[in-house]
Amino acid sequence: MNDPEKNRPGKVKILVTRQFPRVGTDILSGQGFSLTCWPEERPMTYEELSENIKGHQALLCTLTDRIDKLFIRSNPQLEIISQFAVGYDNIDIDAASAAGIPVGFTPDVMSEATADIAFGLMIATARKMFYLHKTILKGEWGYFKPRGNLGMELRGKILGIFGMGRIGMKMAQRCRAAYDMEVIYHNRSRNEEADTLLDAQWVEFPELLERSDVVSVHSVLSDETRGIFDLEAFCRMKPSAPFINTARGPIHNEPDLLAALKAEEIWGAGLDVTDPEPMDRNHPLLSMENVSVLPHIGSGTREARDNMSRLAAENIAAFYKTGTLPHIVNPGVLA
Ligand code: GLV
């Protein structure tokens with residue numbers, strides 16, 4: 001970063017791995033950066049990504065790109081990785097930090113959109129909406145059934161948030177405002193804003209499972225959280241409680257989730273994330289009455305995606321202009 005000539009935008013080549021909203025790439029090309037954009041709708045394979053990154057100093061990528069230790073070590077020319085997403089579990093952050101590479105991400109701007117999907121999945125699951133919609137398509141509407149198609153009400157119930165960050169807060173706010181739900185949460189540390197604004201209560205993980213009427217996952221995927229929702233965890237939940245996950249699929253163990261639903265250890269599941277993605281179209285979860293699955297659309301609003309694109313571009317532009325990133329995962333590398 002010390003050679004101003006070397007770091008002029010015109011000298012910086014950026015590999016853009018997906019077709020992101022134009023607002024971000026327009027910012028970068030408008031500032032004179034040289035962009036190589038992957039033209040296809042599908043993500044690159046690891047091999048294609050490893051081939052295409054050659055000669056590029058900056059990488060604008062997203063959660064479908066595996067940026068592992070080998071990739072980072074094989075690309076000593078790489079100066080910055082800018083992720084179009086709030087989650088960054090696809091990137092080996094330790095390896096990037098060891099190589100002195102700052103990693104940018106796009107927090108906040110997609111919190112409302114993702115909380116809407118969590119809130120929507122909670123209601124859809126509680127009222128079996130996806131399943132009942134499918135019965136109409138199959139010609140099974142029949143007639144109004146006074147004792148049929150019954151779901152559960154949410155007013156006054158206990159919401160258990162796993163991971164009380166920005167998105168967890170937005171979900172909790174929605175549930176409090178709409179249904180006056182009591183909020184409990186488990187997090188590595190207490191969230192004072194949640195305690196004060198939402199009268200939320202921090203609890204240990206087993207207590208979260210045992211007391212919640214709805215469990216909603218909003219944590220990062222890490223070594224600590226991978227598979228934490230396993231059969232043992234589901235068996236601790238109330239049999240009347242739905243499980244909602246809009247964070248990352250591998251936080252739940254999917255065969256265990258299926259087993260818990262079949263054994264009626266939990267009431268239902270609302271998933272915007274699965275493991276793997278995409279979910280097999282014949283997966284048994286897709287035909288269960290109390291299960292609602294969406295294809296990872298949490299941040300999928302025009303507003304959120306435009307803002308994510310803008311933030312991801314601004315992280316690169318700011319790095320080459322000032323040496324810092326407004327939204328950085330590993331600030332220690334710039335110290
Ligand atoms: C989407 O899943 C994101 O991490 O932004």
Visitor: Tell me, please, which residues at least two apart from Thr106 pass side-chain contact (heavy atoms from CB on, under 4.5 Å).
Guide: Met308, Leu311, Ala312

Visitor: Applying side-chain contact (heavy atoms from CB on, under 4.5 Å), can you list everything that pairs with Ser212, at least two apart in sequence or on another chain?
Guide: Ile184, Leu208, Val215

Visitor: Give a yes or no answer on whether the side chain of Gln83 reaches the backbone of Gly87 with a donor-acceptor pair at less than 3.5 Å.
Guide: yes

Visitor: Any donor-acceptor pair under 3.5 Å linking the side-chain atoms of Arg190 with those of Gln201?
Guide: no

Visitor: Tell me whether Arg174 is salt-bridged to Asp116, with the criterion being a basic N under 4.0 Å from an acidic carboxylate O.
Guide: yes

Visitor: Any heavy-atom pair between the side chains of Thr324 and Phe319 that's under 4.5 Å?
Guide: no

Visitor: Quick one: salt bridge (charged side-chain N to carboxylate O under 4.0 Å, His left out) partners of Arg310, sequence neighbours excluded?
Guide: Glu314

Visitor: Any side-chain donor paired with an acceptor under 3.5 Å for Thr135 and His133?
Guide: no

Visitor: Under 30°, 30 to 60°, or over 60°: which ring-plane class applies to Phe205 and Phe229, parallel, tilted or perpendicular?
Guide: perpendicular

Visitor: Begin from the C-alpha positions of Leu121 and Thr246 and carry the test side-chain contact (heavy atoms from CB on, under 4.5 Å) through to its verdict.
Guide: CA-CA 9 Å; Leu121 281 173; Thr246 52; 4.0 Å; yes

Visitor: What distance separates Asn290 CG from Met152 CE, expressed to the nearest 0.5 Å?
Guide: 10.0 Å

Visitor: Which pair of non-hydrogen atoms, one from Leu231 and one from Ala259, has the smallest distance, and what is that distance?
Guide: CD1-CB, 4.3 Å

Visitor: If hydrophobic residues (ILVMFWY) are linked whenever their side-chain heavy atoms come closer than 4.5 Å, directly or via other members, who joins Leu132 in its cluster?
Guide: Tyr131

Visitor: Take Leu59 and Val16, measure what side-chain contact (heavy atoms from CB on, under 4.5 Å) needs, and give me the verdict at the end.
Guide: CA-CA 6 Å; Leu59 175 64; Val16 181; over 6 Å; no

Visitor: With salt bridge (Lys or Arg N to Asp or Glu O under 4.0 Å) as the test, would you mind laying out the steps for Lys238 and Glu265 before giving the verdict?
Guide: CA-CA 7 Å; Lys238 293 183 185 173; Glu265 293 290 349; over 6 Å; no

Visitor: The criterion is side-chain contact (heavy atoms from CB on, under 4.5 Å); which residues satisfy it with Glu224, sequence neighbours excluded?
Guide: Arg188, Ser222

Visitor: Using distance only, find each side-chain donor-acceptor pair of residues 95-102 under 3.5 Å and give its atom names and separation, not counting sequence neighbours.
Guide:
from	atom 1	to	atom 2	distance (Å)
Ser97	OG	Ile93	O	3.0
Ser97	OG	Asn330	ND2	3.1

Visitor: Is the closest side-chain donor-acceptor distance between Glu193 and Asn191 under 3.5 Å?
Guide: no

Visitor: Just wondering, do His56 and Thr36 contact through their side chains at under 4.5 Å, heavy atoms?
Guide: yes

Visitor: Apply side chain to side chain donor-acceptor pair (under 3.5 Å) to Gln19 and list each qualifying residue two or more places apart in sequence or on a separate chain.
Guide: none

Visitor: Taking only residues at least two apart or on different chains, which pairs with a member in residues 78-107 satisfy ring-ring contact (aromatic ring centres under 6.0 Å, His included)?
Guide: Phe20-Phe84, Tyr88-Phe105

Visitor: Just checking, any donor-acceptor pair under 3.5 angstrom between side chains of Tyr320 and Gln57?
Guide: no

Visitor: Begin with the C-alpha distance, continue with both residues' side-chain angles, and end with the deciding distance and a verdict on side chain to side chain donor-acceptor pair (under 3.5 Å) for Asn245 and His252.
Guide: CA-CA 8 Å; Asn245 188 359; His252 64 250; 3.0 Å; yes

Visitor: Quick one: pull up CD in Glu51 and OG1 in Thr45 and give me the separation to the nearest 0.5 Å.
Guide: 10.0 Å

Visitor: Donor-acceptor pairs under 3.5 angstrom involving side-chain atoms of residues 156-171: please list them, not counting sequence neighbours.
Guide:
from	atom 1	to	atom 2	distance (Å)
Lys157	NZ	Glu153	O	2.7
Arg166	NE	Asp108	OD1	2.8
Lys170	NZ	Glu112	OE2	3.0

Visitor: Using the side chain to side chain donor-acceptor pair (under 3.5 Å) criterion, which residues pair with Asn187? Sequence neighbours excluded.
Guide: none

Visitor: Is the backbone N or O of Asp65 less than 3.5 Å from a side-chain atom of Asn90, with the two atoms forming a donor-acceptor pair by type?
Guide: yes

Visitor: Apply side-chain contact (heavy atoms from CB on, under 4.5 Å) to the pair Ile14 and Ile316, showing each step before the final yes or no.
Guide: CA-CA 9 Å; Ile14 306 172; Ile316 295 180; 3.9 Å; yes

Visitor: Got a donor-acceptor contact below 3.5 angstrom from the Thr125 side chain to the Met122 backbone?
Guide: no

Visitor: Evaluate the side-chain proximity of Ile136 to Glu140: yes if any heavy-atom separation is below 4.5 Å, no if none is.
Guide: no

Visitor: Is there a side-chain contact (heavy atoms from CB on, under 4.5 Å) between Thr301 and Arg305? Walk through the geometry before answering.
Guide: CA-CA 6 Å; Thr301 61; Arg305 293 277 166 86; 5.9 Å; no

Visitor: Who pairs with Ser34 by side-chain contact (heavy atoms from CB on, under 4.5 Å), at least two apart in sequence or on another chain?
Guide: Lys13

Visitor: Please list every donor-acceptor pair under 3.5 Å in which a side-chain atom of residues 266-283 meets a protein atom from a residue at least two apart or in another chain.
Guide:
from	atom 1	to	atom 2	distance (Å)
Asp272	OD1	His296	N	3.1
Asp272	OD1	Ile297	N	2.8
Asp272	OD2	Ile297	N	3.1
Asp272	OD2	Gly298	N	2.8
Thr274	OG1	Pro276	O	2.8
Glu277	OE1	His296	ND1	2.8
Glu277	OE2	Thr274	N	3.1
Glu277	OE2	His296	ND1	3.3
Asp280	OD1	Asn282	N	2.7
His283	ND1	Leu285	N	3.0

